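Scroll down for the structure; my scribbles are underneath it.
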Amino acid sequence: MASFKRTIVGIGAILLLAHPSLAESKSVSYQFLLERLLDNHRVINIVDDFLAFWDQAKDKTPGVQRRLWRRLVENKHREYFDRAVYRTADSKTRRAMLDDFLIRVPSQIESIREFNSTIFDLRASPLIDAYFNFKVRFPEYQQRGDVYIGLSLFRFDGAVRALQNEAGVPDTLCLGAEVLSGYTREQTRIAIVHEFFHLYHFGFLFQQPEPSSSMEFRTPHMPLMIEGMAVAGAEAVFPNQAGEVYLHFTEEQLAAGKQDLSQNAGRFLELIRNGAPPEEYEPWFTHSHLSEAPPRGGYLLGYEATKRVMAAYGLEQMIRMTPAELREHAEEQLAVMANERILLMAAH
């Protein structure tokens, strides 16, 4: 922790010394200092390329816009888009994702510009604020990968993706600027801290996975506990916020989720016990209304399960649990939550 504080002080000194020239190249200088803060890992700003693209493409036909996009943005950051955004999507789906993005993004251009100017400002950057406060709460954390200030085609606000290794281990923080640009500063800080927690947790979770539990990573309890712990981690870094802020819910959504908590706990417990495949449990972690799963219901269930396990073990010990241990705790706590409804009904 002392070395981290020395880094902060050193950056402050550099900033003061560089002040006369910052008026001419503030963005470049701040990006350099931000990379120093992030243990000398790169910060790749795709938004600059996007804004340059938009200046040329804004009045063009959709076909011309697609060609300019691929030349000026996508082809320059091929690994990011392939691994972080498109992932396993086929060419038809990729085309549809891009078309949808180009239709929706014009209304966000000015807020994206503002976000881009703020993210590198040491005095106002939610990224720096999130990182600094995360290091204070979890001083063992070390930044081990680059950070992308990118576009997600409205798929995520922040995500941890496998960009810098061939083993498929999620190791790179990717920010969706067009989504984050619509957030308040407080929402942005919490969203980024949520992803830093994933990086911290994955450093233990994927360090030496047991051969016998390799399939555990594809079972329903893993996203449940991973996301629930990240929500709890964000709360540990920035406490005393309303519950819906950590979960990215509205007040009404949180109230409805809590009302249905016992019923949903029973439903998700069945998914775990039946070994449900990803296509069955993934809707619990999206905003989709196309299935019977409650939108983002897995986050609330995971958070409630995490809080109960934390009461006995603490968050730091949970971070070090194996997938098999997390499954045991997930099943136990979901069963307790599901039975609470049965007991309540019996009491009436």
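If you're wondering where the values come from, they're calculated on a predicted model, not measured in any experiment.
Scanning all heavy atoms of the two residues, the minimum distance from A335 to R273 falls at CB-NH2, 4.4 Å. The minimum heavy-atom distance linking L151 with Y80 is given by the pair O-OH, 2.7 Å. In plain terms, the two heavy atoms of M222 and P323 that are nearest each other are SD-CB, 3.8 Å. Here the closest heavy-atom approach between residue T286 and residue E282 is recorded as CG2-O, 3.5 Å. Between A265 and A338, the closest heavy-atom pair is CB-N, 4.0 Å. The shortest non-hydrogen separation linking Q65 to A57 is NE2-O, 2.9 Å.
Within the 6.0 Å centre-distance limit, the rings of W69 and F101 are counted as a close aromatic pair. Taking the six-membered ring for Trp and the full ring otherwise, the centers of Y183 and H248 sit less than 6.0 Å from each other.
A heavy-atom distance below 4.5 Å is not found between the side chains of E244 and E252. Annotation: side chain of M97 is in contact with side chain of V85 (closest heavy-atom distance under 4.5 Å). For the pair F154/Q108, a side-chain contact is recorded, criterion being any heavy-atom separation below 4.5 Å from C-beta on. Residues V160 and F196 have side chains not in contact (no heavy-atom distance under 4.5 Å, counting atoms from C-beta outward). Here the side chains of I119 and P126 are in contact, with some heavy-atom distance below 4.5 Å. N45 has its side chain out of reach of Y148: every pair of non-hydrogen atoms, C-beta onward, lies at least 4.5 Å apart. Looking at heavy atoms from C-beta onward, I190 lies out of side-chain contact with E235 at the 4.5 angstrom threshold. Using a 4.5 Å heavy-atom threshold, the side chains of E35 and N40 count as separate.
Taken to the nearest 0.5 Å, the CG atom of L261 stands 12.5 Å off from the CZ atom of F268. Summarising the geometry, atom CD belonging to Q241 is positioned 12.5 Å from atom CG belonging to L247; distances are rounded to the nearest 0.5 Å. Note that CG of L38 and CD of Q142 are 11.5 Å apart. Values are rounded to the nearest 0.5 Å. In this structure, L102 CG and K58 NZ are separated by 15.0 Å, a value rounded to the nearest 0.5 Å. Atom CG of N133 sits about 12.0 Å away from atom CD1 of I128, to the nearest 0.5 Å. Note: L153 CG to R104 CZ = 10.0 Å, rounded to the nearest 0.5 Å.
Of the possible donor and acceptor atoms, none in the side chain of H329 sits under 3.5 Å from a partner among the backbone N and O of A305. Although no hydrogens or angles enter the test, the distance criterion places no donor-acceptor pair under 3.5 Å between the side chain of N274 and the main chain of A276. Q317 places no side-chain N or O within donor-acceptor distance of the main-chain N or O of G314, the cut-off being under 3.5 Å. No donor-acceptor pair under 3.5 Å is formed between the side chain of Y281 and the backbone N or O of L224. Listed for the D157 side chain is no donor-acceptor partner under 3.5 Å among the backbone atoms of A191. Listed for the D49 side chain is no donor-acceptor partner under 3.5 Å among the backbone atoms of L72. Judged purely by atom type and a 3.5 angstrom limit, Q253 uses its side chain to pair as donor or acceptor with the backbone of T250. At distances below 3.5 Å, not a single donor-acceptor pair connects side-chain atoms of T93 with backbone N or O atoms of A89. Proximity of a side-chain donor or acceptor of D129 to a complementary backbone N or O of S125 within less than 3.5 Å is not detected. Put simply, the side chain of D100 never gets that close to the backbone of A96: no donor and acceptor are under 3.5 Å apart.
For the side-chain contact (heavy atoms from CB on, under 4.5 Å) criterion with I149, the lone passing option out of D48, V47, L180, L173 is V47.
A donor-acceptor pair shorter than 3.5 Å can be found between the side chains of R267 and N264. Side-chain atoms of E178 and S152 include a donor-acceptor pair closer than 3.5 Å. Remark: the Y86 side chain and the E74 side chain contain an N/O donor-acceptor pair separated by less than 3.5 Å. Using a 3.5 Å distance cut-off with no hydrogens or angles, the side chains of Y141 and Q143 do pair a donor with an acceptor.
D82 has no carboxylate O lying under 4.0 Å from a charged side-chain N of R87, or vice versa, which leaves the two without a salt bridge. Note on R94 versus D90: no salt bridge recorded, every NZ/NE/NH1/NH2 to OD/OE distance being 4.0 Å or above. Taking 4.0 Å as the cut-off between side-chain N and carboxylate O, R83 and E166 count as a salt-bridged pair. Looking at D146 and R161, no side-chain N of the basic residue comes within less than 4.0 Å of a carboxylate O on the acidic one, giving no salt bridge.
Atom CZ of R144 sits in a sparse spot, with 12 or fewer heavy atoms from other residues, nucleotides or ligands closer than 6.0 Å. Applying the 6.0 Å contact sphere to NZ of K258 captures no more than 12 heavy atoms from other residues, nucleotides or ligands. Other residues, nucleotides and ligands contribute at most 12 non-hydrogen atoms within 6.0 Å of the CD atom of Q259.
In this pair, F134 and F138 present their aromatic rings tilted. The plane angle is within the 30 to 60° band. Classification of the H198-F202 ring pair by plane angle, with boundaries at 30° and 60°, yields parallel.
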task = Apply salt bridge (charged side-chain N to carboxylate O under 4.0 Å, His left out) to D55 and R113, showing your working.
result = CA-CA 12 Å; D55 287 340; R113 290 188 194 278; 2.9 Å; yes
task = Let me see the working for M337 and R308 under side-chain contact (heavy atoms from CB on, under 4.5 Å), right down to the final yes or no.
result = CA-CA 10 Å; M337 284 188 271; R308 294 163 186 249; 3.5 Å; yes
task = Could you go through the side-chain contact (heavy atoms from CB on, under 4.5 Å) check for V245 and F238 one step at a time?
result = CA-CA 11 Å; V245 176; F238 292 121; over 6 Å; no
task = Under the salt bridge (charged side-chain N to carboxylate O under 4.0 Å, His left out) rule, what do R66 and D99 come out as? Steps first, then yes or no, please.
result = CA-CA 8 Å; R66 284 192 294 269; D99 286 347; 3.1 Å; yes
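Judged by a 6.0 Å distance limit and a 45° cone about the ring axis, R296 is not positioned over the six-membered ring of F285.
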